[in-house]
Amino acid sequence: MTFYWHYNSPFGMYTIAEDGVGICGLYFGERQVPQEWTEKETPLLVKAARQMEEYFSGDRKQFDLPLSLKGTPFQMADWAALQAIPYGQTRCYQQIAEQMGNPKACRAVGLANNRNPVAVIVPCHRVLGKDGKLVGYAGGLSVKKGLLELEKKHG
């Protein structure tokens, strides 16, 4: 069973979901959730919201939450590479592809980032274009810029 809860952040509303194993979703906005999901304030969702609050206040640099990510092997490798990007730092798609051992997979990295089900916690906002420009973010480029500025300020 999957439970969800809405969390209001400085960057707007998020929907956080957990499936009994770990956090399986952190989405921008009051996302339309599948009918079989149940809105409930579980201990794990409360912990996730608390850690999000600590992150937004600059007191948390790394999340300590069990994750329940489901994706292709390539997506899982990409999301693991994203989690290895230190707080306050950025990488380009090319660097992530090289780290994954496939330097020509920049576009595939971008597609995998786009499918990241756990925004912020799996920090796809830390990935920039090769020229250092902000590109592609599900929450919008203004949110991506804000998250990067928050990390720079507290880093």
Side-chain angles (χ1 to χ4, degrees), residues 4-19 21-33 44-45 47-155:
Y4 72 96
W5 193 34
H6 297 298
Y7 166 72
N8 195 17
S9 83
F11 294 95
M13 186 71 68
Y14 284 92
T15 299
I16 309 171
E18 67 111 326
D19 62 6
V21 175
I23 300 297
C24 60
L26 189 113
Y27 308 102
F28 298 98
E30 286 191 55
R31 183 181 174 147
Q32 196 133 30
V33 299
L44 181 55
L45 292 175
K47 181 178 180 181
R50 185 176 8 44
Q51 289 193 18
M52 291 289 291
E53 189 69 33
E54 292 165 356
Y55 169 81
F56 288 121
S57 70
D59 294 329
R60 177 169 291 279
K61 309 290 190 258
Q62 191 169 347
F63 291 94
D64 179 25
L65 296 164
L67 299 179
S68 181
L69 304 175
K70 293 170 182 62
T72 67
F74 186 89
Q75 288 170 333
M76 298 297 283
D78 174 68
W79 301 335
L82 296 177
Q83 291 176 78
I85 302 171
Y87 181 93
Q89 294 185 25
T90 59
R91 302 289 185 270
C92 71
Y93 294 96
Q94 175 83 45
Q95 289 171 307
I96 299 295
E98 288 170 357
Q99 180 181 338
M100 293 171 61
N102 195 346
K104 295 184 180 193
C106 298
R107 189 166 297 196
V109 165
L111 291 172
N113 287 5
N114 186 49
R115 300 281 188 267
N116 173 13
V118 186
V120 183
I121 295 171
V122 175
C124 54
H125 63 277
R126 295 179 187 154
V127 181
L128 306 175
K130 192 172 186 174
D131 58 3
K133 290 187 179 173
L134 297 178
V135 292
Y137 194 61
L141 294 182
S142 63
V143 171
K144 183 173 189 165
K145 180 180 180 188
L147 292 171
L148 292 172
E149 287 174 351
L150 178 135
E151 291 187 9
K152 186 175 183 179
K153 176 182 174 185
H154 296 286

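A quick note: this is a predicted structure, and the numbers were derived from the prediction, not measured.
Thr72 has its side chain out of reach of Arg115: every pair of non-hydrogen atoms, C-beta onward, lies at least 4.5 Å apart. No side-chain heavy atom of Pro66 sits less than 4.5 Å from a side-chain heavy atom of Val21. Looking at heavy atoms from C-beta onward, Ile85 lies in side-chain contact with Val127 at the 4.5 angstrom threshold. Side-chain contact between Met100 and Phe74 is present, with heavy atoms from C-beta onward closer than 4.5 Å. Counting only heavy atoms from C-beta outward, the side chains of Trp79 and Val118 never approach each other to under 4.5 Å. Side chains of Arg91 and Leu82 form no contact here, defined as non-hydrogen atoms less than 4.5 Å apart. Side chains of Lys133 and Cys92 form no contact here, defined as non-hydrogen atoms less than 4.5 Å apart.
For CD of Gln62, the number of neighbouring non-hydrogen atoms (other residues, nucleotides, ligands) closer than 6.0 Å is 12 at most. Around the NZ atom of Lys61, the shell of radius 6.0 Å holds more than 12 heavy atoms that belong to other residues, nucleotides or ligands.
The structure places CG of Leu128 at 5.5 Å from NZ of Lys144, a figure rounded to the nearest 0.5 Å. Atoms CD1 and CD1, from Ile16 and Ile23 in turn, are 6.5 Å apart once rounded to the nearest 0.5 Å. Going from atom NZ of Lys104 over to atom CD of Gln94 covers 10.5 Å, rounded to the nearest 0.5 Å. Going from atom CD of Gln51 over to atom CG of Asp59 covers 12.0 Å, rounded to the nearest 0.5 Å. We find the OH-CD distance between Tyr55 and Glu151 to be 3.5 Å, quoted to the nearest 0.5 Å. In this structure, CD in Glu53 is found 11.0 Å from CZ in Arg50, a value given to the nearest 0.5 Å.
Just one residue in the list Leu26, Leu65, Leu44 forms a side-chain contact (heavy atoms from CB on, under 4.5 Å) with Glu18, and that residue is Leu44.
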Stepwise side-chain contact (heavy atoms from CB on, under 4.5 Å) check, Leu111 with Asp78: CA-CA 10 Å; Leu111 291 172; Asp78 174 68; over 6 Å; no
Chi angles and distances behind the side-chain contact (heavy atoms from CB on, under 4.5 Å) call for His154, Tyr87: CA-CA 9 Å; His154 296 286; Tyr87 181 93; 3.4 Å; yes
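The minimum heavy-atom distance between Thr90 and Gln95, with the atom names listed, is O-OE1, 4.5 Å. Phe56 approaches Ser9 most closely through the heavy-atom pair CE1-CB, 3.4 Å. Taking each heavy atom of Cys124 and Asn116 in turn, the nearest pair found is SG-ND2, 3.2 Å. Nearest heavy atom pair, residue Arg126 against residue Leu148, reads CA-CD2, 4.0 Å. Between Val135 and Leu141, the closest heavy-atom pair is C-CD2, 3.7 Å. Residues Glu54 and Ser57 share a closest heavy-atom pair of O-OG, 3.0 Å.
Between Phe28 and Tyr14, the distance from one ring center to the other falls under 6.0 angstrom.
His125 and Tyr137 have perpendicular rings, their planes meeting at more than 60° on a 0 to 90° scale where under 30° would count as parallel.
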